[in-house]
Protein chains: 2
Amino acid sequence: MLSKKTKYGLKALTFIARQEGDVPVQVGEIAKGEQIPQKFLESILLTLRKAGVLGSKKGKHGGYYLRNEPSEINMADVMRVLEGPIAMVPCVSLNFYEKCDDCVNEAQCSVHKLMIQVRDSNLNVFKNTTLADLSFSG
Amino acid sequence: MLSKKTKYGLKALTFIARQEGDVPVQVGEIAKGEQIPQKFLESILLTLRKAGVLGSKKGKHGGYYLRNEPSEINMADVMRVLEGPIAMVPCVSLNFYEKCDDCVNEAQCSVHKLMIQVRDSNLNVFKNTTLADLSFSG
DNA sequence: GTAATTCCTATTAAATCTATAGGGTTAATG
DNA sequence: CATTAACCCTATAGATTTAATAGGAATTAC
């Protein structure tokens with residue numbers, strides 16, 4: 001199940017991408033427009049900023065903006081920030097590999113075999129989908 | 001993240017598939033062989049039996065066996081039983097569709113768009129992988 | 001200097017996952 | 001037919017994670 005954090009984060013990114021103006025977009029605006037609890041959204045946007053996806057401007061008339069063009073922001077990066085590793089088990093994670101305690105023989109492990117395929121297939125989707133794909137057109 | 005329930009369930013199915021004998025496989029055997037808490041495993045196998053994946057024989061010398069050939073058991077069915085819907089959000093689930101409360105326009109929702117692709121890609125993997133693929137050979 | 005906004009930490013509330021407990025039911029065996 | 005070994009079933013406790021809230025600190029426009 002997709003976490004609310006990720007769901008809200010994706011919606012917020014889309015919302016920002018669609019505001020084509022030059023001024024940063026405020027949390028309150030996004031929260032209202034997308035029906036997201038404002039304080040929760042604050043922490044999510046903060047995470048995205050710290051990860052380098054968003055930039056921010058503080059103080060009055062402050063807000064958030066994209067650090068790159070929507071077409072340059074791919075979902076693999078975004079999902080890793082919001083949802084964590086793309087792999088469903090650490091033993092098939094490319095970026096966060098960890099051996100299973102219980103698993104004796106990784107090469108023969110059925111979970112390992114299946115999850116490698118899932119990882120590859122998801123990675124393929126995420127890498128090839130950009131924020132622009134999600135934000136514009138039908 | 002893959003739940004332990006699913007992980008254990010997959011390992012157990014593989015274990016049973018690899019026992020080529022005619023006698024049912026006992027929970028205790030699987031638990032020992034795969035390092036799974038026995039009582040937890042019991043409940044998982046019960047779930048798989050109720051879903052029609054496994055059959056069981058009660059009483060002394062009882063145990064579990066596959067209801068179909070490993071090559072006929074596909075992972076889409078197994079994952080639905082163990083992990084729940086394959087879709088990461090209800091609004092893209094084929095078998096368990098539900099509209100989002102918050103989402104005003106499904107067609108324009110970025111989460112919806114992305115998750116449809118993820119669902120299709122995962123479904124493709126799960127439907128085309130059988131228990132035989134996971135159990136035998138390298 | 002006041003108002004508006006992001007920034008940061010802590011905490012609580014809710015939900016889910018993992019595991020255990022305890023016994024009921026069924027069947028093989030001598 | 002008693003004993004034993006296995007699955008069957010429900011409930012519940014413990015642990016972890018997720019979701020949301022609270023309260024203010026720091027920063028900037030005006």
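Here is the naming used below: chain letters follow the sequence lines, and residue numbers restart at 1 for every chain.
- Nearest to the side chain of B:R49, among D:dA20, C:dA28, D:dC8, sits D:dC8.
- Taking every side-chain heavy atom of B:K58 into account, D:dC8 is the closest of D:dT27, D:dC8, C:dT18.
- Between A:Y8 and the phosphate of D:dA20, there is a side-chain N or O to OP1/OP2 separation shorter than 4.0 Å.
- Backbone-only engagement by B:G63 is indicated by non-hydrogen atom pairs under 4.0 Å involving sugar-phosphate atoms exclusively.
- Counting to the nearest Å, the C1' atom of D:dA26 and the CD atom of A:E42 are 13 Å from each other.
- Using modelled atom types and a 3.5 Å distance limit, the side chains of A:N128 and A:N124 yield a donor-acceptor pair.
- When side chains are defined from C-beta on, B:P37 counts as touching B:Y8, because their heavy atoms get closer than 4.5 Å.
- In this entry the distance linking CZ of B:F40 with C1' of D:dA13 reads 14 Å, nearest Å.
- Here B:S56 reaches the OP1 or OP2 of D:dC8: one of its side-chain N or O atoms lies under 4.0 Å away.
- Rounding to whole angstrom units, CD of residue A:E83 and C1' of D:dT18 are separated by 11 Å.
- Nearer the 5' end of DNA chain C, as judged by each residue's closest nucleotide, is the contact made by A:G62, out of A:G62 and A:K50.
- Checking A:T6 against A:G59, the closest nucleotide of DNA chain D that is more toward the 5' end is the one next to A:T6.
- In this structure, A:L45 atom CG and C:dC7 atom P are separated by 9 Å, rounded to whole Å.
- Distance B:L46 CG to C:dG23 P: 19 Å, rounded to the nearest Å.
- Between C:dT16 and B:S3, no contact under 4.0 Å exists linking OP1 or OP2 to a side-chain N or O.
- In this structure, A:I36 atom CD1 and D:dT21 atom P are separated by 13 Å, rounded to whole Å.
- When distances run from any side-chain atom of B:K60 to the nucleotides D:dC9, C:dT18, C:dA27, the shortest one goes to C:dA27.
- Close to C:dA28, at under 4.0 Å from its OP1 or OP2, lies a side-chain N or O of B:K57.
- Applying the 4.0 Å criterion to OP1 and OP2 of D:dA5, one finds that B:H61 has every side-chain N and O outside that range.
- Looking at heavy-atom distances under 4.0 Å, A:K39 makes contact with a base.
- OP1 or OP2 of C:dC7 sits under 4.0 Å from a side-chain N or O of A:Y64.
- Using modelled atom types and a 3.5 Å distance limit, the side chains of B:S93 and B:E98 yield no donor-acceptor pair.
- In this structure, CE of B:M1 is placed 14 Å from C1' of D:dT18, rounded to the nearest angstrom.
- Computed from coordinates, the A:Q38 CD to D:dA20 P distance equals 14 Å when rounded to whole Å.
- Side-chain contact check for B:T130 and B:E72: no donor-acceptor pair (N or O, by modelled atom type) lies under 3.5 Å.
- In this structure, A:R67 places its CZ atom where only 12 or fewer heavy-atom neighbours from other residues, nucleotides or ligands lie under 6.0 Å away.
- Of the possible polar contacts, one joining the A:T14 side chain to the A:L10 backbone as a donor-acceptor pair under 3.5 Å is found.
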